[in-house]
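Please read the structure below before turning to the comments.
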Amino acid sequence: MDRKLPFVLAITGASGSVYGLRLLQYLLEIEHPVELLVSRGALQVMREEMDLVFAEDLQAELITYLSLPADSPLTLHRLENYGASVASGSYRTMGMAVAPCSLGTLGSIASGLTESLIHRAAAVTLKEKRPLTILLREMPFGQIQIKHMLTLSEAGATVACASPGFYHKPQSVSDMIDFVVGRVLDQFGFDHSLFKRWKEDAKPIHKVTSK
Ligand SMILES: Cc1cc2nc3c(=O)[nH]c(=O)nc-3n(C[C@H](O)[C@H](O)[C@H](O)COP(=O)(O)O)c2cc1C
């Protein structure tokens with residue numbers, strides 16, 4: 001089958017909206033179709049953290065902000081629309097990432113609540129046994145959140161943390177963001193080069209020379 005199955009991306013109100021936005025940008029840059037869900041909490045965090053204020057047409061404004069072509073394969077869903085494609089298991093997707101994932105959304109998904117289309121899409125992804133990656137940013141975790149993480153992991157989800165590695169020798173914040181985003185993409189099998197993998201380039205940065 002030639003058609004690329006869409007990637008479902010939910011951006012929720014945890015600190016680190018930039019992870020979700022970079023993931024969205026990467027997927028659309030490679031022309032991978034994205035079904036996007038953005039919580040009100042996420043919009044508030046984007047305002048607070050990134051001075052990003054969207055006026056009316058979130059989809060068009062996101063595309064402009066991310067410097068993407070106007071015909072990028074993006075579908076933005078309203079969170080109260082339970083008739084949306086991603087609300088049904090019969091609508092095929094390659095899986096879903098919640099990036100970043102707030103503790104509230106973590107708890108809702110782990111409890112099987114469907115108070116928004118984000119929770120419903122995640123529940124559908126799990127029941128259809130498609131990959132679901134939850135990218136948490138918060139730390140430290142309380143026991144309740146750890147239990148929710150275990151519940152989701154046991155249900156087949158990947159629980160990831162927005163903690164960049166340093167072995168690829170990041171030179172900028174954007175390198176650190178790309179590391180985290182790249183590790184999320186790894187869970188879905190994307191062949192990307194957002195960061196240098198371990199042992200990929202054996203050359204040390206500081207060459208030791210002997211006299
Ligand atoms: C600037 C800012 C940063 C926040 N960071 C986090 C966070 O890292 N983790 C979290 O669980 N909630 C965080 N919150 C609170 C959530 O946005 C809030 O609990 C919201 O109701 C989550 O709803 P949502 O999951 O539907 O987006 C933050 C809020 C603001 C304004």
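Source: prediction; values computed, not measured. Start at 1 and go down the list; that is how both ligands and their atoms are numbered.
- Sorted pairs that involve residues 60-76 and meet salt bridge (Lys or Arg N to Asp or Glu O under 4.0 Å), not counting sequence neighbours, are lacking altogether.
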Name each N or O atom in ligand 1 that is under 3.5 Å from a protein N or O, and give the partner atom and the distance.
unit_1, atom_1, unit_2, atom_2, d
ligand 1, 5 (N), Ser15, N, 3.1
ligand 1, 8 (O), Ser15, N, 3.0
ligand 1, 8 (O), Arg137, NE, 3.4
ligand 1, 8 (O), Arg137, NH2, 2.9
ligand 1, 8 (O), Glu138, OE1, 3.3
ligand 1, 9 (N), Glu138, OE1, 2.4
ligand 1, 11 (O), Leu103, N, 2.7
ligand 1, 11 (O), Glu138, OE1, 3.4
ligand 1, 14 (N), Gly13, O, 3.1
ligand 1, 17 (O), Gly13, O, 2.6
ligand 1, 25 (O), Ser102, OG, 2.5
ligand 1, 25 (O), Thr105, OG1, 2.5
ligand 1, 27 (O), Gly13, N, 2.7
ligand 1, 27 (O), Ser39, OG, 2.6

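- Checked against a 6.0 Å centroid threshold, the rings of Tyr26 and Phe7 do not count as neighbours.
- Applying the side-chain contact (heavy atoms from CB on, under 4.5 Å) test to Ser85 and every residue at least two apart in sequence or in another chain returns Glu35, His77, Tyr91.
- In this structure, Ser193 has no side-chain contact (heavy atoms from CB on, under 4.5 Å) partners at least two apart in sequence or on a different chain.
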- Taking it one step at a time, do Gln59 and Leu74 satisfy side chain to side chain contact (heavy atoms under 4.5 Å, CB included)? CA-CA 8 Å; Gln59 173 154 338; Leu74 174 64; 3.9 Å; yes

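- Between the side chain of Ser88 and the backbone N or O of Ser90 there is at least one donor-acceptor pair closer than 3.5 Å.
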